[in-house]
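These notes concern the structure reproduced below.
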Amino acid sequence: MTAADPVPARADAFVFFGATGDLAYKKIFPALQALVRRGELDMPIVGVARAGGSLDALRQRARASIEHAGLFDADAFARLAARLRYVDGDYADPATFARLRRELGSAARPIHYLAIPPSLFGVVVDGLGASGNARDARVIVEKPFGRDLASARALDATLHAVFPERSIFRIDHYLGKDAVQNLLYFRFANAFLEPIWNRHYVNDVQITMAESFGIEGRGAFYDEVGALRDVVQNHLLQVIALLAMDAPTRHDSDAMQSEKLRLFRAIRRLAPADVVRGQFRGYRDEPGVAQTSTIETFAALRLHIDTWRWAGVPFYVRAGKRLPTTVTEVMVHLKAPPLSIFGEALDGPPNHFRFRLSPQVMICVGASVKCTGDAMRGEAVELVVRNDPSTDVSPYERLLAHAIGGDTTMFTRDDCVEAAWRIFDPVLATPPPVLDYAPGSWGPAAAATVLRPGDAWHDPSCAPEERI
Ligand code: BG6
């Protein structure tokens, strides 16, 4: 959509496939209740599943899900329950889609959320197309968008056979987080950052997504995917896009996607030597995981962005399960001053910008200030701005509201997804060996080998929370 395009019409029915599944239970029902409460879901809400269930059972499951999330609101839930409909049936059976058509009644612009495994996308999309349910409709798909470039292209072809690109909403829930959107805002709503946001002032950029927990019963899914596909190729690459892209000319979908695409195309394809993969000890004993699995639960990598802005600045990424803490943080290290005029060593902590994305939301500026006293001696401090994450709406609530309204700005376009896979394809095809690491550690020691001599991994668990 560009500024000149007409505002898209709102969807007038919400359909979700996989209504009895895990994603619906964990994320979709709480988001639906929140949207009903905000008055943004005044339309039929149709769950579809092949579970042999009933509308009553779906209402009970919705209630259990929302109560489990600690978000139950009797009034909003009553309105949600009243709007819920249920269609049970095999996704390969045209009768299922005929029943869906009947449940949709006079709705003319449904939005269909495929909260189902990717292996079922094709059959459901075909069913929607053949039954007339795709006319003037939109579709929401969940990551993973394929497992490499070839499968992403095949998935796009499946979707495009029935839906035009502007009607496809690829959800990456990281883009629905306020703290992630604030990277874009902080960079481009202020003028002071731009002059230093480049290779002349930035030494290196680090993104850490650490999780102290393991795979929590998702062994069968995770063992097909691994850390690179689960969080790096999508969530963390989107974070890099917002940190590194040039300014979009407007904040609309076309301008945003085009700048991201330019950036992704400038990121060098990863070579095996750019990546260290790890697997925590005990992973192979998890239910659903192969005894001989070589899937990584940890990845450390360096990316190179071949643009005038970033040439020579490494972007380091680290993500893993069973690490010492749960935190997602960006650290932008600036270069040291060119000269020491106070007789101090210049190898102290460099100036930095630190963006804590979760669980807290903070923007911190690291600088040196003079200690009180006669001597011109300094100490490292941080100026900290904090947001209260509990006031944020959930990423799913935000993204579903945008999809219902037809705004693709916070979703991922087909060419961007394909450009992202292009970066990762070489290491996915020829992965470096997986090294084991102790649960609770920062991954294999070899993670340090992706760093340039003189650089060090930032440890987000010891970052000072507030120094000034
Ligand atoms: C999901 C991954 O997409 O993101 C999970 O599949 C991961 O493995 C999760 O734990 C992290 O999301 P958040 O919002 O909790 O940081």
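Order of listing sets the numbers, starting from 1, for every ligand and every atom in it. Below, all heavy atoms of this structure are taken into account, side chains as well, without hydrogens, waters or symmetry copies.
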May I have a table of the N/O to N/O pairs between ligand 1 and the protein that fall below 3.5 Å, each row giving the two atom names and the distance to 0.1 Å?
{"unit_1": "ligand 1", "atom_1": "3 (O)", "unit_2": "K143", "atom_2": "NZ", "d": "3.1"}
{"unit_1": "ligand 1", "atom_1": "3 (O)", "unit_2": "H235", "atom_2": "NE2", "d": "2.7"}
{"unit_1": "ligand 1", "atom_1": "4 (O)", "unit_2": "H235", "atom_2": "NE2", "d": "3.4"}
{"unit_1": "ligand 1", "atom_1": "6 (O)", "unit_2": "K143", "atom_2": "NZ", "d": "3.4"}
{"unit_1": "ligand 1", "atom_1": "6 (O)", "unit_2": "R218", "atom_2": "NH2", "d": "2.7"}
{"unit_1": "ligand 1", "atom_1": "6 (O)", "unit_2": "D230", "atom_2": "OD1", "d": "2.6"}
{"unit_1": "ligand 1", "atom_1": "6 (O)", "unit_2": "D230", "atom_2": "OD2", "d": "3.4"}
{"unit_1": "ligand 1", "atom_1": "8 (O)", "unit_2": "R218", "atom_2": "NH1", "d": "2.9"}
{"unit_1": "ligand 1", "atom_1": "8 (O)", "unit_2": "D230", "atom_2": "OD2", "d": "2.6"}
{"unit_1": "ligand 1", "atom_1": "8 (O)", "unit_2": "K321", "atom_2": "NZ", "d": "2.7"}
{"unit_1": "ligand 1", "atom_1": "10 (O)", "unit_2": "E211", "atom_2": "OE1", "d": "3.4"}
{"unit_1": "ligand 1", "atom_1": "10 (O)", "unit_2": "E211", "atom_2": "OE2", "d": "2.6"}
{"unit_1": "ligand 1", "atom_1": "10 (O)", "unit_2": "K321", "atom_2": "NZ", "d": "3.2"}
{"unit_1": "ligand 1", "atom_1": "12 (O)", "unit_2": "H173", "atom_2": "NE2", "d": "3.2"}
{"unit_1": "ligand 1", "atom_1": "14 (O)", "unit_2": "H173", "atom_2": "NE2", "d": "2.8"}
{"unit_1": "ligand 1", "atom_1": "14 (O)", "unit_2": "K177", "atom_2": "NZ", "d": "2.6"}
{"unit_1": "ligand 1", "atom_1": "16 (O)", "unit_2": "Y174", "atom_2": "OH", "d": "3.0"}
{"unit_1": "ligand 1", "atom_1": "16 (O)", "unit_2": "K177", "atom_2": "NZ", "d": "3.4"}

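Taking the six-membered ring for Trp and the full ring otherwise, W197 and F353 have centroids separated by under 6.0 Å. Ring-centre distance between Y113 and F17: not below the 6.0 Å cut-off. Aromatic rings of H235 and H173 (six-membered ring for Trp) have centroids within the 6.0 Å cut-off, being under it.
Relative orientation of the F16 and F29 rings is perpendicular, given thresholds of 30° and 60° on the angle between their planes.
Using modelled atom types, one finds no donor on one side chain facing an acceptor on the other under 3.5 Å when comparing N387 with D178. Between the side chains of Y437 and T297, a donor-acceptor pair is found at a separation under 3.5 Å.
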